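Note that the coordinates shown come from a computational prediction; the quantities given were computed from them, not determined experimentally.
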Amino acid sequence: KGLSTYSLKANGGQPWLKFPWSSCNGGIEWSIHLNPSVAYDITALTDGGFVKSDLTGLIVTHLSAETGGGNMEVILPENASDLDAKVVTGAGKVTIHVGRSITGFNTINASSGYGEMNVLVPGGVEARIKVSQGNVVVDSTFIKIDDSTYDTPGYQDATDKVEITVGSGAGEVNVIRK
């Protein structure tokens, strides 16, 4: 087994050197396609901007996606197994789609300093929601355990489940069954 590291970086460079995207205030869109038969540990860091990560058909064991500011949409693998995911923005809306066929114990930690937080949990997936801060609206299929914890009815006894810790400093936290 080997380890490969890929770094992609865009910045203004030298003031005398202008890239085509510089004329659009640095707007860059990258579309990166990964081999679906390889397991990934992904770290994505950006100073700002919209970040969309569609990991639907991939094998991902660890994800860390962070931006200084901007909206984020993360679509987690459909068949996640023991996934550890962290999604953070300084300010912006965060939307996380949990996969439909998870196995093992999966964890997701998501936060926004200022912005709405949406977590979409498929029916049939056993989940615990822990709200670290923010006004929370949780789907009625979840059972309120205490002021900040909500479980699906079968969470306690499930071997395949996800624990999601979410928070927004100034924004609503929505947990939706899809």
Inset, instruction - Might you point out which heavy atoms bring Gly99 and Pro122 nearest each other, and give the distance in Å? - result: O-CG, 3.6 Å
Legend entry - Residue pair Val51 / Glu73, side-chain heavy-atom distance below 4.5 Å: no
Inset, instruction - Could you walk me through whether Lys161 and Arg128 pass the side chain to side chain contact (heavy atoms under 4.5 Å, CB included) test, one step at a time? - result: CA-CA 8 Å; Lys161 54 189 167 185; Arg128 167 173 282 166; over 6 Å; no
Legend entry - Residue Lys52 excluded, over 12 heavy atoms near NZ under 6.0 Å: no
Legend entry - Under 3.5 Å: donor-acceptor pair, side chain of Asp139, backbone of Val175: no
Legend entry - Asn174 and Leu120: CA distance, side-chain angles, deciding distance, side chain to side chain contact (heavy atoms under 4.5 Å, CB included) verdict: CA-CA 8 Å; Asn174 301 297; Leu120 291 84; over 6 Å; no
Legend entry - Cluster link Val136 to Phe142, ILVMFWY, side chain under 4.5 Å: yes
Legend entry - Side chain to side chain, Thr61 and Asp82, heavy atoms closer than 4.5 Å: no
Legend entry - Min side-chain heavy-atom separation Leu76-Leu63 under 4.5 Å: yes
Legend entry - Heavy-atom check, side chain of Pro77 versus side chain of Leu83, under 4.5 Å: yes
Inset, instruction - Using side-chain contact (heavy atoms from CB on, under 4.5 Å) as the criterion, point out the one residue from Val94, Val166, Asn118 that pairs with Val173. - result: Val166
Legend entry - Exam field: side chain Asp151 to backbone Ile143, donor-acceptor pair closer than 3.5 Å: no
Legend entry - Crowding at CG, Asp146 (>12 non-hydrogen neighbours, <6.0 Å): yes
Inset, instruction - Check the surroundings of atom CZ in Phe50: do more than 12 heavy atoms from other residues, nucleotides or ligands lie under 6.0 Å from it? - result: yes
Inset, instruction - For Glu116 and Lys93, indicate whether the former's side chain and the latter's backbone hold a donor-acceptor pair under 3.5 Å. - result: no
Legend entry - Polar side-chain atom of Ser168 near backbone of Gly115 as donor-acceptor pair, under 3.5 Å: yes
Inset, instruction - Say whether Ile129 and Val88 are linked into one hydrophobic cluster, either directly or through other cluster members, by side-chain heavy-atom distances under 4.5 angstrom. - result: no
Inset, instruction - Start with the C-alpha gap between Ile59 and Tyr40, add the side-chain angles, then the distance that decides, and say whether side chain to side chain contact (heavy atoms under 4.5 Å, CB included) holds. - result: CA-CA 6 Å; Ile59 302 166; Tyr40 293 97; 5.6 Å; no
Inset, instruction - Step through the shown structure and confirm whether more than 12 heavy atoms of other residues, nucleotides or ligands are within 6.0 Å of CG on Asn35. - result: yes
Inset, instruction - Kindly check if the number of other-residue, nucleotide or ligand heavy atoms within 6.0 Å of CG (Asp41) is above 12? - result: yes
